Amino acid sequence: MSLKGIELQIAIPKTFDAGKLAEQKHQQTQMNQDQATVRMEQQMIKNSETVLESEKYAKTDADADQRERERAEEEERQRLQKEEERKNTVHPYKGSFVDFSG
């Protein structure tokens with residue numbers, strides 16, 4: 001297969017363009033890997049400096065007091081609600097008939 005002079009005028013510049021595109025793609029891939037590495041290192045530093053999970057025994061009594069207070073408030077609210085419901089219920093026959101005969 002032989003190439004003529006006019007064909008070489010087109011083929012050689014396209015070879016250079018293809019080489020430039022391959023080089024740019026390689027550089028872009030390298031930059032993406034570098035950025036991913038930097039992000040991963042930053043995340044590792046952040047994870048090492050923050051507490052992700054606390055142990056069960058690390059909680060203070062304030063949490064228990066708060067839960068006890070919320071439970072007592074909930075019980076009081078439920079008691080008041082039941083009392084209110086009891087007051088609003090109508091007895092089927094009490095209070096609806098007045099006997100004036102006696």
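Because the structure is a prediction, the values reported are computed rather than measured. Scope of the values below: all heavy atoms of this structure, side chains included, with no hydrogens, waters or symmetry mates.
The distance from the CD1 atom of I45 to the CD atom of E41 is 7.0 Å, given to the nearest 0.5 Å. Q81 CD to E84 CD: the interatomic distance, rounded to the nearest 0.5 Å, is 9.5 Å. Rounding to the nearest 0.5 Å gives a distance of 11.0 Å between CD of E83 and CG of N88.
Between Q78 and E74 there is a side-chain heavy-atom pair separated by less than 4.5 Å.
Judged by distance alone, the side chains of Q66 and R69 do bring a donor and an acceptor atom under 3.5 Å apart.
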Distance-only donor-acceptor hits, side chain of residues 6-26, under 3.5 Å, sequence neighbours excluded:
residue	atom	partner	partner atom	Å
E7	OE1	K4	N	3.1
T15	OG1	A11	O	2.9
E23	OE2	Q27	NE2	3.2

Quiz item: salt bridge (charged side-chain N to carboxylate O under 4.0 Å, His left out) between E76 and R79: does it pass, once the steps are laid out?
Solution: CA-CA 5 Å; E76 179 66 17; R79 188 185 63 79; 2.7 Å; yes
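Comment: R77 does not engage E73 in a salt bridge, judged by the lack of any side-chain N to carboxylate O separation of less than 4.0 angstrom.
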